Amino acid sequence: MAEAADIQGTGPSPARRWLRRTITVAFGAPLLAGLLQAPAVASPAIAAEEGTGSRTVDVSLDTLTPNTPVEGDTVTVTGTVTNRGKKTVTDATVDLRVGPRMTSRSEIEQVTGRTGYRYDSDPAVLEDGPTVRIPRLGAGLSADFSLSVPVSDLGLDDAGVYQLGVSLTGDTSDQGSDRVLGIERTFLPYQPEATRKKTQLTYLWPLISSSHVSAETATDDQQTPVFEDDALAAELRPGGRLDQLVALGKDLPVTWVLDPDLLATVDAMANGYRVKDGTLHVPGKNKDVAEQWLNALEKAVQGREVVALPFADPDLASLAHHGKDVPGSLGHLQSATDLAGTTVETVLHLRPSTDFAWPVEGAVDPSIVAVATSAGADKVIARSDSVRDDLSYTPTAARPLGNGSTTAVVSDAVLSTTFDGDMVRAEGSTLAVQEFLAQSLAITLEQPEDQRSVVVAPQRTPTVAQAQSMATALQGLSAKRWSQPLGLVAAAAAKPDPDASTAVPSTSRYPKKLRARELPVQAFRDMKTTRDELDDFKIVLEQPERVVAPFGNAINREMSVSWRGQVRAALVYRSNVLEYLQGLTKSVQLVDKSDLTLSGRSATIPVTVQNKLLQGVDHLVLRLTSGNKNRLEVNGEGFAELPVKINGGHSQSVKFTASANVNGQVPMTAQLYTEDGTPYGQPMTFNVKVSEMTPTVMLVIAGGVLLLVLAGVRMYTQRKRIAARNAEAEAAEAKAEEPAEGEAAGDGADGDGPSGDEPEQPSDPTPDTGSESGGPSGPGEKVDR
């Protein structure tokens, strides 16, 4: 940011005159040395910093209360001094130093970057100020201190930002006495009365996490989601990162910026979920943790402004630089945007704003802006180190960008990055909070007669310590003496500063360190492969929604900003999604056939299709193709097609009529197709051996059959003749025995001749026909009935 002008509204105070004199000395001394052609030496500033040994002792400022004092307050600074040198420090004192009022934001940044003591710019010890004496401090040892002083004794002559320093002055055996051996600086924002025009401050409060849900679901009706891991629970538990963001944010004047995927993920946990454990899926154990977090979040955001990013927070820069030329990639962004609003409404029961795009770190170029707005967002959250203003003051955040159809909300780079560092140590947090408050007051005092709107877009996933420091800084503004909160929607609608930059930065200005962490082109090709296979798969399903939703969400997650810097993890996730989809598509397949032999001119060839899915498939066509239609035709052609419809967990045998023309082996190919002609799955091949019945063969076979028939007739005739002879022989024997029996009978009747009645005649002989024979048939004999 360009050097800002002096803070207006006050006359030159004695402190300011002192500052001007010291600046003159600082710049005049090296110039005079050059004119006198002195030997080349380090500049006075560096010499002053290095020569005094002012880094011998580390001074840590752990607390400063109150952080925005007013008249009547007592300022207390506590901390620790640590001897980093090899010599013992003796006769040391810890003192407070208060500098003159600072005149610009850039001066605050310069002071922030200093380390050692600078005699030409660091103020003197506060006269009659508090002092802590440390008679002896051995090498590597530490000592605590606490300094308190009434505001009235600080010598603050007017409202503004003051440098506040704590130094240790002492002696070592290798240094002279009464040297500044260590110093730490911070800032004291002093605004006892409310300004007439307050800066409207918009602070974004992001709830974003990495992707945890896989594309897999359980086989139940609810399609219970399967998580890659259960790591999200640690962020949701009391004291976890996401828990702290909700607990802190509920009492702060912020605009909530949510990733709908996080809400969907936690909602899935609250309704029951499963987690991958090797090849198994085990029940998730953090259902209650998810429920508690969702309940707390819903209470925290009621009546508050909520902005929903596209589902899974897609990486707009990666999409613009590597993905937009891969067909279908922009469609992912559109689906992610469409899903955002409905997800937030379903889970939190409120309607969010969905027309904001937030590129990583607010860095934009023409392609990023084009991609960001392609899915319907007409507002882009940029940052002032990307969209730069060549002004002596901080302009209002909102302004038309490029051709004017897009609104850029340019967040302040300094305020947005103040809490990026390690805030775990108390000193880091204290210094960051005081810098943030100082910069915010300096913005207001740049042009006290003009009200401006400033936006702060911090890091996407702040740690617990960073979130706590951010909350402390916002609480320091709660008195609203120089700023007042404003929602992001209102900030985007604010009247633009006519002098603010509206040019889109060129592609060459995009930061190399950000470009190096983007998703590669191959990532978007992998997504296209998955999308294409999903499109082919869903059209054959009777319940496509059971597949489209989980895989569509998984593809959106593959585009997430959270994969930046995690190349291998991102590749593994994409591979798992694709492999699982391919496993499902292979559940509908052709069953392998062994080779067949076709004896005759025509036959039926069955091909079996198996469906291992839990739902039915339809809109499939099975095509059987002959490798030589002159030798073997299918349904009278070189190929034939029949529709396929199979219930879940079943198989279907599809039968084709084949006609042979010439003997020989014919390769056959079976392939499933969707109704639009797209091949589905892998083809299946087998061979058919044609063995055709020629006229000669048929004549030989007919002759053989005739011989068999004649032989049968002859055998039948012979058997009948034998049976007739046997019957005649039996009849003859019976007749030979009849006179004796008749004679005896006659004698007994009347003694001398025949009786008056006619004698009884013998029975008729057995007829010569087998069909009437009452005896059993011979072995193997066929009896016609």
Side-chain angles (χ1 to χ4, degrees), residues 1-10 67-68 101-112 158-163 186-204 253-255 362 381-399 408-419 431-458 470 473-488 490-492 494-501:
M1 181 173 294
E3 175 74 24
D6 289 353
I7 299 175
Q8 301 176 4
T10 61
N67 48 27
T68 56
R101 196 168 76 96
M102 310 187 80
T103 58
S104 65
R105 295 189 66 188
S106 58
E107 188 178 350
I108 296 174
E109 293 182 56
Q110 291 171 5
V111 172
T112 302
D158 204 346
V161 177
Y162 293 84
Q163 179 181 327
T186 187
F187 306 100
L188 198 64
Y190 181 61
Q191 183 66 42
E193 301 292 337
T195 59
R196 194 168 69 86
K197 296 286 188 179
K198 299 185 179 87
T199 299
Q200 295 175 324
L201 185 72
T202 303
Y203 206 104
L204 307 188
V254 295
T255 293
I381 302 172
R383 206 166 70 182
S384 61
D385 53 353
S386 180
V387 181
R388 301 177 184 177
D389 295 297
D390 188 18
L391 299 172
S392 59
Y393 61 91
T394 304
T396 286
R399 77 280 304 272
V409 182
V410 182
S411 64
D412 187 85
V414 173
L415 296 180
S416 298
T417 58
T418 300
F419 301 102
L431 296 180
V433 168
Q434 294 307 124
E435 181 186 0
F436 180 89
L437 295 172
Q439 288 281 2
S440 66
L441 177 56
I443 290 173
T444 301
L445 297 180
E446 284 172 340
Q447 288 190 325
E449 301 303 319
D450 296 327
Q451 186 175 56
R452 285 158 292 152
S453 171
V454 175
V455 173
V456 180
M470 290 155 53
L474 289 174
Q475 290 163 357
L477 297 175
S478 60
K480 302 178 183 178
R481 293 196 296 273
W482 64 81
S483 69
Q484 61 187 31
L486 183 69
L488 181 61
K495 182 179 179 181
D497 188 312
D499 296 324
S501 175

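Hydrogens, waters and symmetry mates play no part in the numbers below; they use all other heavy atoms, side chains included. These figures come from a predicted structure and were not determined experimentally.
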How about [X] and [Y]: do any of their side-chain heavy atoms sit closer than 4.5 Å?
{"X": "L477", "Y": "L437", "answer": "yes"}
{"X": "L445", "Y": "W482", "answer": "no"}
{"X": "S411", "Y": "S416", "answer": "yes"}
{"X": "F419", "Y": "V433", "answer": "yes"}
{"X": "E109", "Y": "S104", "answer": "no"}
{"X": "M470", "Y": "V254", "answer": "no"}
{"X": "L488", "Y": "I381", "answer": "yes"}

Kindly give the heavy-atom pair with the smallest separation between [X] and [Y], and that separation in Å.
{"X": "A492", "Y": "V409", "value": "CB-CG2, 3.8 Å"}
{"X": "T418", "Y": "A432", "value": "CG2-O, 3.2 Å"}
{"X": "A457", "Y": "L204", "value": "CB-CD1, 3.7 Å"}
{"X": "R383", "Y": "A413", "value": "CG-CA, 3.8 Å"}

So, the side chain of [X] versus the backbone of [Y]: is there a donor-acceptor pair under 3.5 Å, distance only?
{"X": "T202", "Y": "V455", "result": "no"}
{"X": "Q451", "Y": "K198", "result": "yes"}
{"X": "R101", "Y": "A159", "result": "yes"}
{"X": "Q191", "Y": "E193", "result": "yes"}
{"X": "R481", "Y": "T68", "result": "yes"}
{"X": "S478", "Y": "Q475", "result": "yes"}
{"X": "Q434", "Y": "N67", "result": "yes"}

Can you name the residues that form a side chain to side chain contact (heavy atoms under 4.5 Å, CB included) with S501, not counting sequence neighbours?
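For S501, the residues satisfying side chain to side chain contact (heavy atoms under 4.5 Å, CB included) (neighbours in sequence not counted) are V387, D389, R399, A503.
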Taking only residues two or more places apart in sequence, or in another chain, which ones meet S453 in a side chain to side chain contact (heavy atoms under 4.5 Å, CB included)?
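Here the qualifying residues are Q200, T396, L486, A491, A494.
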Output the distance between atom [atom1] ([X]) and atom [atom2] ([Y]), rounded to the nearest 0.5 Å.
{"X": "Y203", "Y": "S440", "atom1": "OH", "atom2": "OG", "result": "11.0 Å"}
{"X": "D450", "Y": "T444", "atom1": "CG", "atom2": "OG1", "result": "11.5 Å"}
{"X": "Y162", "Y": "M102", "atom1": "OH", "atom2": "CE", "result": "11.5 Å"}
{"X": "F436", "Y": "L431", "atom1": "CZ", "atom2": "CG", "result": "15.5 Å"}
{"X": "R452", "Y": "L201", "atom1": "CZ", "atom2": "CG", "result": "12.0 Å"}
{"X": "L415", "Y": "Q439", "atom1": "CG", "atom2": "CD", "result": "6.0 Å"}

Modelled atom types, side-chain donor and acceptor of T394 and R105, under 3.5 Å:
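Yes, because at least one side-chain N or O of T394 sits under 3.5 Å from a partner of the opposite role on R105.
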Assess the side chains of D497 and Y393: does a donor N or O sit below 3.5 Å from an acceptor N or O?
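Judged by distance alone, the side chains do pair up.
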